[in-house]
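Here the structure comes first, spelled out in structure tokens, and everything after it is commentary.
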Amino acid sequence: MIALSSSRGLGGKRWAAMLIVCATLMQTVWAQQVGAKKSGAVVQPGAAAVNDLPQLVDITAKTGIHFTHLSSESKKYIVESMSGGVALIDYDRDGWPDIFFTNAPDVDMSLAGTKARSALYHNNRDGTFTDVTEKAGVSHPCWAMGAMVGDYNNDGWPDLLVSCFGGVVLYRNNGDGTFTDVTKQSGLSSDAGWATGAAFGDYDNDGYVDLFVPHYVDLNLNDLPTLGSKKTCMYHEIAVQCGPRGLVGFPDNLYHNNGDGTFADVSKQAGVDDAQKYFGLTSVWSDFNGDGKIDLFVANDGEPNYLYQNDGRGKFTDVAYPSGIAVNKDGYEQANMGVALGDYLHAGRFSVAVTHFSEEYTTLFRNDGDLNFTDVSDQAGLTVATSPYVGWGDAFFDLDNDGWVDLFLVNGHVYPQVDTRDIGTKYREPKQMFLNQHNGSFRNISELVGPAIQTPQVSRGLAVGDLFNDGHTELVVENIEGSPMILRTEGGPKNHWISFELAGTKSNRLALNARVRVTAGDLVQLDEVRSGGSYLSQNDVRLQFGLGARATVDSVEITWPSGVKETLKNLAADKFYCVLEGQGVVPREKILPGAVKR
């Protein structure tokens with residue numbers, strides 16, 4: 001979140017997944033309708049008209065969620081601006097996503113020994129949620145930044161990792177509605193840095209998920225620079241919080257899963273220890289070049305990004321610069337905060353969208369194959385629309401289920417002080433919705449999808465998933481001030497959809513980084529199960545695909561992390577399918593804890 005001519009400092013250094021459906025989950029809610037195609041920046045004949053667009057409706061009050069993220073009013077210190085992650089986690093494996101929000105104190109609270117309460121909300125399957133935080137044992141993990149999901153011990157119960165100002169906390173899911181803090185037993189208590197957007201991924205394909213933890217700055221609460229105390233604490237001549245420019249970074253860590261409930265630090269030997277001490281914010285595992293080995297992308301605030309290529313032998317090489325994803329098209333480092341991956345072009349490759357600070361723009365790096373990326377933000381129509389805002393969580397998701405992923409961004413400044421002068425940006429900012437035009441560009445429909453996302457807020461984390469198992473995707477936004485916002489897509493064309501929940505046998509149990517290719521007539525889509533991403537957040541690990549007017553899927557090709565490939569044929573739309581590695585579509589009870597044999 002580095003800013004131009006400010007304490008964020010970009011004005012400084014620059015670089016030139018059934019034959020048998022999961023009946024308890026299935027609802028057929030959208031009937032077949034001739035799908036409206038969107039093509040081009042100008043709506044063409046047959047394209048979705050403005051009044052056909054789904055609306056993003058704020059349903060927070062109806063859900064029974066009453067959560068408030070603590071925050072200091074003045075944000076005098078950088079550590080008070082950076083929290084706010086949210087995770088969708090089906091912790092009780094009932095097939096309905098639950099929600100975990102992180103929380104953090106301000107500096108004065110922390111120094112006084114006052115803690116901030118994070119919260120876990122159970123999905124009641126009726127559109128409401130119940131606070132189960134104390135029963136679950138996850139109320140006060142730490143000065144919590146983000147939350148990520150992974151089944152580290154392959155017992156079929158998803159575990160919760162919380163990244164903290166001061167390391168990480170690993171909560172083992174006990175399978176009875178409670179969690180146990182196993183940070184020390186797992187060997188992760190040695191992580192002491194300001195941890196941010198961590199991610200699980202099985203980089204050596206041994207069937208156990210490993211963990212990468214990026215770190216931000218090395219900060220001492222007892223020795224903090226004050227507002228406007230030096231040049232790097234000014235923004236447009238306004239005294240603001242200091243950093244990260246002018247502060248010292250903290251190296252990153254890769255922890256290898258030993259398969260016995262413990263992790264070993266292999267950062268240096270793997271080559272991902274971040275000797276440069278860049279300001280790491282978000283990490284994502286994905287096989288960017290399709291060679292069967294997952295690579296690692298790390299977004300660094302105001303520094304070059306890392307793209308670590310996996311050699312399959314435990315070593316990584318940073319290829320970000322030659323790949324064209326280290327900096328933007330002009331050779332400049334940007335704030336690099338939230339990260340979303342999506343095959344928005346139906347190219348069979350995942351491109352990367354990265355959010356940034358105001359006076360910059362959300363960068364869309366098109367994946368051209370063979371680890372080559374091109375900054376196509378201008379062509380995509382993102383540059384001008386996003387430059388006034390400070391972007392955080394982002395996600396590719398199919399707003400209208402037409403089979404083409406769209407892009408959603410949440411925004412919010414870091415400096416409350418910007419409201420004291422007219423400098424073209426505000427502290428509380430709207431969210432943004434961009435509609436895929438099927439030609440490489442996006443249409444800014446932020447003002448056409450209802451008033452909810454125009455409500456100015458100070459947003460941070462974003463997680464997306466079908467909370468109510470009806471084919472609609474919800475967006476859960478954590479705001480660093482006040483209540484979260486839960487947005488539901490309502491109305492629009494009644495397009496078809498299909499959804500998959502995967503379980504590994506030889507592969508890691510949660511099937512992280514399994515790839516699913518769905519073919520329905522001339523429509524071919526690709527998605528992947530992932531841990532982490534967005535900003536400090538976790539999406540639903542189930543994969544959902546919009547199908548437009550297509551009521552049948554011809555084939556589904558699954559590439560498991562183990563290298564096993566499976567093909568499913570002739571699946572009906574508007575259903576949830578459970579897929580077990582090596583056995584195809586199965587009843588849901590076959591993928592639940594205790595049922596899977598490894």
Side-chain angles (χ1 to χ4, degrees), residues 25-59 127 342-346 380-381 395-409 431-454 464-475 486-500 518-527 540 542-554 571-577:
L25 289 176
M26 181 183 69
Q27 287 190 28
T28 303
V29 295
W30 285 7
Q32 181 175 4
Q33 172 179 317
V34 175
K37 274 196 174 183
K38 305 179 295 289
S39 180
V42 177
V43 180
Q44 298 180 356
V50 169
N51 58 4
D52 288 333
L53 291 172
Q55 300 294 287
L56 292 173
V57 179
D58 182 0
I59 62 167
D343 183 12
Y344 77 101
L345 288 168
H346 292 177
F396 284 104
F397 83 105
D398 193 344
L399 172 71
D400 53 359
N401 277 341
D402 70 342
W404 295 75
V405 290
D406 312 298
L407 180 62
F408 187 76
L409 313 173
K431 301 161 189 63
Q432 294 179 288
M433 185 75 240
F434 293 90
L435 194 68
N436 193 324
Q437 298 293 284
H438 305 190
N439 62 357
S441 72
F442 291 83
R443 176 186 175 198
N444 185 359
I445 59 168
S446 303
E447 297 182 356
L448 305 176
V449 291
I453 72 170
Q454 293 301 305
V464 303
D466 186 351
L467 294 181
F468 309 125
N469 291 332
D470 60 3
H472 297 261
T473 297
E474 279 71 44
L475 302 98
I486 300 177
L487 296 161
R488 174 174 169 78
T489 53
E490 295 185 357
K494 296 181 179 179
N495 288 326
H496 294 290
W497 54 272
I498 194 167
S499 184
F500 299 94
V518 172
T519 301
D522 60 346
L523 182 67
V524 183
Q525 303 175 70
L526 181 70
D527 206 353
D540 188 356
R542 299 177 302 178
L543 301 181
Q544 182 166 305
F545 300 83
L547 299 174
R550 303 159 186 86
T552 303
V553 167
D554 301 314
L571 301 183
D574 306 326
K575 300 179 186 296
F576 287 82
Y577 293 91

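Computed from a prediction, not measured in an experiment: that's the story for all the values here.
- Interatomic distance, CG of Leu345 versus CG of Leu526, reported as 12.5 Å (0.5 Å rounding).
- A heavy-atom distance below 4.5 Å is not found between the side chains of Val553 and Phe545.
- A ring-centre distance under 6.0 Å is not found for Phe396 and Trp404.
- A salt bridge is defined here as a Lys NZ or Arg NE, NH1 or NH2 lying under 4.0 Å from an Asp or Glu carboxylate O, and Asp522 with Arg550 meets this definition.
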Steps toward side chain to side chain contact (heavy atoms under 4.5 Å, CB included) verdict (Leu448, Arg443):
CA-CA 11 Å; Leu448 305 176; Arg443 176 186 175 198; 3.7 Å; yes
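- Between the side chain of Asp574 and the backbone N or O of His496 there is no donor-acceptor pair closer than 3.5 Å.
- Heavy atoms only, all atoms of each residue included: Lys575 and Trp497 are closest at O-CZ3, 3.5 Å.
- Rounded to the nearest 0.5 angstrom, Thr489 OG1 and Gln55 CD are separated by 10.5 Å.
- For the pair Gln525/Leu547, a side-chain contact is recorded, criterion being any heavy-atom separation below 4.5 Å from C-beta on.
- Scanning both residues, His346 and Asp343, for their nearest heavy atoms gives N-OD1, 3.1 Å.
- Shortest non-hydrogen contact noted between Phe408 and Leu475 is CD2-CD2, 3.2 Å.
- Taking 4.5 Å as the limit, every side-chain heavy atom of Val449 sits out of range of all side-chain heavy atoms of Leu435.
- In this structure, Asn495 contributes its side chain and Asp400 its backbone to a donor-acceptor pair below 3.5 Å.
- Ile445 places a side-chain heavy atom less than 4.5 Å from the side chain of Met433.
- Side-chain atoms of Asp527 do not come within 3.5 Å of backbone N or O of Leu543 as any donor-acceptor pair.
- Note that CG of Asp398 is 5.0 Å distant from CG of Asp402, once rounded to the nearest 0.5 Å.
- Gln454 CD: more than 12 foreign heavy atoms inside a 6.0 Å radius.
- A distance of 9.5 Å separates CG of Asn401 from CG of Asp406, quoted to the nearest 0.5 Å.
- Of all the heavy atoms in Thr473 and Gln544, the pair that sits closest is OG1-NE2, 3.7 Å.
- Considering only heavy atoms from C-beta on, His472 stays 4.5 Å or farther from Glu490 through its side chain.
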Steps toward side chain to side chain contact (heavy atoms under 4.5 Å, CB included) verdict (Ile486, Leu467)
CA-CA 10 Å; Ile486 300 177; Leu467 294 181; 4.0 Å; yes
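- When side chains are defined from C-beta on, Leu407 does not count as touching Gln432, because their heavy atoms never get closer than 4.5 Å.
- Residue Pro493 comes nearest to Asp52 through the heavy atom pair CD-O, 2.8 Å, listed as atom of the first residue, atom of the second, then distance.
- Nearest heavy-atom pair, Ile453 versus Leu487, reported as atom, atom and distance to 0.1 Å: CG2-CD1, 3.7 Å.
- Side-chain contact between Val518 and Leu571: absent, with no pair of heavy atoms (C-beta onward) separated by less than 4.5 Å.
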